[in-house]
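Bear in mind the structure is a predicted one, so any value in this text is a computation, not a measurement. We use all heavy atoms of the structure for the numbers below, so side chains are in, but hydrogens, waters and symmetry mates are not.
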Amino acid sequence: MRTVAQLRWAPADLPLRPRIPDLSQPSLVVLAAGLGSRFGGPKQLVPVGPAGETLADYAVHDARRAGIGRVVFVVRPEHREVVEVSAARRVRDLEVRVAVQPLPEGGTRRKPWGTGHAVLAAAPHLPGPFLVANADDFYGASAYAAVADALRAGGADAWVLAGYRVRDTVPESGGVSRAACTVDDRGRLMALSELRDVRRAGDDRFTATGPGGVRTLRGDDLVSMNLWGFTPAVLERLRSGFERFVGSAPADDAEYLLPDAVADALAAGAARVRVVPVPGPWAGLTHPEDLPVVRRFLAARVAAGAYPSPLAP
């Protein structure tokens, strides 16, 4: 059995732009190491904005407005150079670091270990609280601000999850996968339920298939789109959880996922997770047919004055 120490964590590289970080402000971890199998390629590098911006460029722009002081991109080894060059060109007033998510050594596995492992790759670059976002999702400036504010207001074991209304995350046609949030009367996360084939059913209703079979959702029901806020306490949970995951001899396609690690922490009473409702709209890339939709979405936001074009560095 391999231990965590034997899996070669990415070293704490020098920042692309040396800067004295403001440790009172959260960092942003951008998960950009996925294979993009359903999309057909590295969707995190695809230009979607009117001036060729990627979705990660919009994430950095919105996070800056939320008071983020540092951005850490987690990438695959072969994408490190292109991300460094792009970040150096597009980001001017934030500290930027790039962490490589190491691929498994030996055996037959050819894909990364999952989002929980990706956050561990960023750990050497995280001096304090941090947000986590997918590089292939558009969350909006208000979502970053809401999560960052809630993270600043919480305690050492208080984590944050952005909750989107399901109506703001489901396309007009076709089905998608979402994680439904179950919260208590104080807005704390009790459980996340993975749902498949979530689709519109009319009258602001949605149908989905989950662990208990087919269920119906209301448009205001909250779902997770993997925008999180964490204190550094999560990193030790991830390290120990990933070591158990590797020791269980997982299948080649199994992943150590961030939501699963959070669920384990909740079950152990080791964390509190506040679900912060955030307004839409949301947009993202999963399949090739999503690309023109996202491009039209961003062009409309630029035309409405919500974003400059090109994005200010």
Practice problem: Decide side-chain contact (heavy atoms from CB on, under 4.5 Å) for T169 and V176; before the verdict, give the C-alpha distance in whole Å, the side-chain angles of both, and the deciding distance to 0.1 Å. | Solution: CA-CA 9 Å; T169 73; V176 293; 5.8 Å; no
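- No hydrogens or angles considered: a donor-acceptor pair under 3.5 Å links the side chains of Q25 and R152.
- Between F245 and W113, the ring-plane angle classifies as perpendicular under the 30° and 60° cut-offs.
- Ion pairing of R80 with E84 is present here, as a side-chain N (NZ or NE/NH1/NH2) and a carboxylate O approach within less than 4.0 Å.
- A salt bridge does not link D253 to K111: none of the charged side-chain nitrogens sits closer than 4.0 Å to a carboxylate oxygen.
- Stacking of R237 on the aromatic ring of W159 is not recorded, the 6.0 Å distance cut-off and the 45° axial limit not both being met.
- Annotation: F242 is in aromatic contact with H117 [ring centroid separation under 6.0 Å].
- A search for side-chain hydrogen bond (donor to acceptor under 3.5 Å, both in side chains) contacts involving R199 returns D197, not counting sequence neighbours.
- Residues passing the side-chain contact (heavy atoms from CB on, under 4.5 Å) test with L266, sequence neighbours excluded: L189, V262, V273.
- Side-chain contact check for W228 versus V234: every heavy-atom pair is 4.5 Å or farther apart.
- The only member of W282, Y144, Y164, F297 that meets ring-ring contact (aromatic ring centres under 6.0 Å, His included) when paired with F138 is F297.
- Remark: side-chain polar atoms of Q101 are not paired, donor with acceptor, to backbone N or O of A32 under 3.5 angstrom.
- Comment: E95 engages R97 in a salt bridge, judged by a side-chain N to carboxylate O separation of less than 4.0 angstrom.
- Judged as a side-chain contact (heavy atoms from CB on, under 4.5 Å), and not counting sequence neighbours, A263 has no contacts.
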